[in-house]
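Written out below as structure tokens is the structure these notes cover.
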Protein chains: 2
Amino acid sequence: MKNGSEGNLRSQSLVGGTLANDVLHRLREDIISCILKPGEKLRFEAMKDIYGVSFSTLREALSRLSSERLVVSEGQRGFKVAPISSEDLGDLTNARVLIEKECLLRAMERGDDEWKSRILSTFHRLDRLENELEGQRRVTPEWDQLHAEFHEALVGASASPTLAEIRDRLFERSRRYRRISAMVRKTPRAKTDEHRMIMEAVLSNDVDHAMTLIERHVREIAQNIMENGLEVTPVQAA
Amino acid sequence: MKNGSEGNLRSQSLVGGTLANDVLHRLREDIISCILKPGEKLRFEAMKDIYGVSFSTLREALSRLSSERLVVSEGQRGFKVAPISSEDLGDLTNARVLIEKECLLRAMERGDDEWKSRILSTFHRLDRLENELEGQRRVTPEWDQLHAEFHEALVGASASPTLAEIRDRLFERSRRYRRISAMVRKTPRAKTDEHRMIMEAVLSNDVDHAMTLIERHVREIAQNIMENGLEVTPVQAA
DNA sequence: ATATGCGATAATTTCGAAATAATAAGAACA
DNA sequence: TGTTCTTATTATTTCGAAATTATCGCATAT
């Protein structure tokens, strides 16, 4: 039984040290990957078995996720997975543009060689994978991972724990929309050079160009998602 | 016994519907007002009695507060109140400048008459209180409340749930520093016209001026706080 | 002296049962 | 038929005991 990730033999690879933290991470991933569908009611009895934890521990994780806007708390009527909507995606995208630009700007002002080399290496890993995947499959978990690492590398020198955390939160929320979009895409995703262009602008210290590109990138993704339709994964409205 | 706020007869004024939510709010306020001091270890056994809840409920609240950066989780070694530092204050201030400006900008682009009248009324309430307090006491809880309401009113029309939530979080963190600063201030706080100037710029649709003023306001507060010294409320370092 | 290992103590984390609140189903009434 | 109580059922929230993990003190060895 247990949950997808791996059989959990207590105290083995507990992501954050505690079981509560581990469940938090697993739940977050399951929501982002839409194993738990948008709007879906989260029943304790069932989840308890699936994730192999008790009421309290489960509740702690759900409570935290609700503060990350991946879960919605319904008074004393439990929790459900945060619904998706084009309004939410639009709002999220605006916030992301603001934050990603600021983080990237700060990183470009501060970044050292190590920062640059990490950008280079994460880009190449992503690029290599995209070539292998050329024209074929949808967004794989591996792509998602490398894509996240590339963007993380870009802002890795922003030197602001507060902004970095905000960025992470927004990025995670957008990952879910990306996955949804990939699930319903009809035509295989065209490989673009956006990431390469961003990388080049950043490594050549062209701040203005980098700002323009990162904004376009964030907005284009949202645009793609909306065009691919959002009403997917209907899940009986609550 | 129970905790400061009020005697809680179950299901009477539970802020968020659940007891867990209520404890969350009470803890947050106690941290911001430094009843729980920066860096202080939070022991379950004691807190359990003070707040009148069980281990699990308490843990849920602490876990959420740690995601708000008001509490720090120490692996499987419990929780402590987030320490204060000038680095943290600086980081926080930078983020606040970015977010407050964006929220205010958006509000000014969108705000209607109701928005403006709320700004006016919250300003007057704040102003009246400041006149009564003229030269005498430190930052009172009432001032803190009205001050928060004025700033909230300013951005009340920003029409972005995501940005609004981010702003709230940052504002709460800064409230704590403000309280700390007030506690150690030697000279009574001089009443400034900053709030009036901001209000006037906003109500007269002078975007550029409003942006300049709000940035200066946020930075000035941080500046004051640092000048008043921060090493207060030492609390044996962990 | 300093370091290492062991046992006892104290703290946190986790569990599952008990209490509480919401929902559904049915009965009584207009 | 529709409405409003009441009761039964289901789900969530909360508690406090039990398990786990960290910490402290002391003995032993280097």
Side-chain angles (χ1 to χ4, degrees), chain A residues 1-3 5 7-27 36 39-67 71-82 236-238, chain B residues 1-3 5 7-27 36 39-67 71-82 236-238:
Chain A
M1 295 301 141
K2 301 297 174 183
N3 156 270
S5 308
N8 54 354
L9 305 176
R10 194 62 49 76
S11 86
Q12 168 201 318
S13 85
L14 290 189
V15 175
T18 68
L19 183 53
N21 236 315
D22 186 60
V23 158
L24 172 66
H25 284 264
R26 282 159 50 201
L27 266 169
L36 299 168
E40 181 178 345
K41 182 79 203 294
L42 296 169
R43 293 198 181 67
F44 278 86
E45 206 59 54
M47 309 267 287
K48 200 167 80 72
D49 296 335
I50 294 174
Y51 293 92
V53 295
S54 67
F55 291 115
S56 321
T57 305
L58 185 57
R59 188 171 214 285
E60 181 183 329
L62 290 174
S63 179
R64 275 191 72 155
L65 287 169
S66 77
S67 90
V71 156
V72 174
S73 162
E74 315 200 77
Q76 12 204 177
R77 255 161 297 147
F79 300 85
K80 66 177 181 183
V81 178
Q236 64 291 353
Chain B
M1 295 299 138
K2 301 296 174 183
N3 156 270
S5 307
N8 54 355
L9 306 176
R10 192 65 47 77
S11 86
Q12 170 201 319
S13 85
L14 290 190
V15 174
T18 69
L19 182 54
N21 236 315
D22 186 59
V23 160
L24 172 65
H25 284 263
R26 283 159 50 201
L27 267 168
L36 299 168
E40 180 178 345
K41 182 79 202 293
L42 298 169
R43 292 198 181 69
F44 279 86
E45 207 59 55
M47 309 267 289
K48 200 168 81 70
D49 296 335
I50 294 174
Y51 292 92
V53 294
S54 67
F55 291 116
S56 321
T57 305
L58 185 56
R59 188 171 215 283
E60 180 183 330
L62 290 174
S63 180
R64 276 191 72 156
L65 287 169
S66 77
S67 90
V71 156
V72 174
S73 162
E74 314 199 77
Q76 13 204 175
R77 257 162 297 148
F79 299 85
K80 66 177 181 184
V81 178
Q236 61 292 354

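We name chains A, B, ... by the order of the sequence lines, and we start the count at 1 in each one. As the structure is a prediction and not an experimental result, all values here were calculated from the model.
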For this session: For A:Phe44 and C:dA22, give me the distance from atom CZ to atom P, rounded to whole Å.
Result: 14 Å
For this session: Search all heavy atoms of B:Leu27 against all heavy atoms of B:Ala61 and return the closest pair with its distance.
Result: CD1-CB, 3.8 Å
Seminar exercise, completed: B:Glu60 atom CD is separated from D:dC15 atom C1', nearest whole Å, by 13 Å
Problem set entry | For atom CG of A:Leu58 and atom C1' of C:dT14, their distance in whole Å | 13 Å
For this session: Tell me whether the OP1 or OP2 atom of C:dC15 has a side-chain N or O from A:Thr57 closer than 4.0 Å.
Result: yes
Problem set entry | Interatomic distance, A:Asn21 CG vs C:dT12 C1' [rounded to whole Å] | 14 Å
For this session: Please determine if a side-chain N or O atom of B:Gln76 lies less than 4.0 Å away from the OP1 or OP2 oxygen of D:dA22.
Result: yes
Problem set entry | Rounded distance in Å - CZ (A:Arg59) to C1' (D:dT14) | 9 Å
Problem set entry | pair B:Thr18-B:Glu60: side-chain heavy atoms closer than 4.5 Å | no
Seminar exercise, completed: Whole-Å distance, A:Lys48 NZ to C:dC15 C1', equals 9 Å
Seminar exercise, completed: When rounded to whole Å, the CG to C1' distance for the pair A:Leu62 and D:dT13 reads 13 Å
Problem set entry | Main-chain N/O of A:Tyr51 paired with A:Arg26 side-chain donor or acceptor, under 3.5 Å | yes
For this session: Compare side-chain N and O positions of A:Lys41 against OP1 and OP2 of D:dT10 and report whether any pair is under 4.0 Å apart.
Result: no
For this session: To the nearest 0.5 Å, tell me how far B:Phe79 CZ sits from B:Arg43 CZ.
Result: 14.5 Å
For this session: Respond yes when some side-chain nitrogen or oxygen of A:Arg77 is under 4.0 Å from OP1 or OP2 of D:dT12, and no when none is.
Result: no
For this session: With heavy atoms under 4.0 Å as the rule, sort B:Leu42 into base, sugar-phosphate or nothing.
Result: sugar-phosphate
For this session: Check every atom of D:dT13, D:dT14, C:dC15 against the side chain of B:Ala20 and return the nucleotide holding the closest atom.
Result: D:dT14
Problem set entry | Interatomic distance, B:Phe79 CZ vs C:dT12 P [rounded to whole Å] | 10 Å
Seminar exercise, completed: Closest of C:dG16, C:dT13, D:dC15 to the A:Ser54 side chain is C:dG16
Exercise. Do the side chains of B:Val53 and B:Asp22 get nearer than 4.5 Å, heavy atoms only?
Worked result: no
Exercise. So what does A:Phe55 hit on the nucleic acid, given a heavy-atom distance under 4.0 Å: a base, only sugar-phosphate, or nothing?
Worked result: base
Seminar exercise, completed: Per atom distances to the A:Ser56 side chain, the nearest of C:dT13, D:dT12, C:dC15 is C:dC15
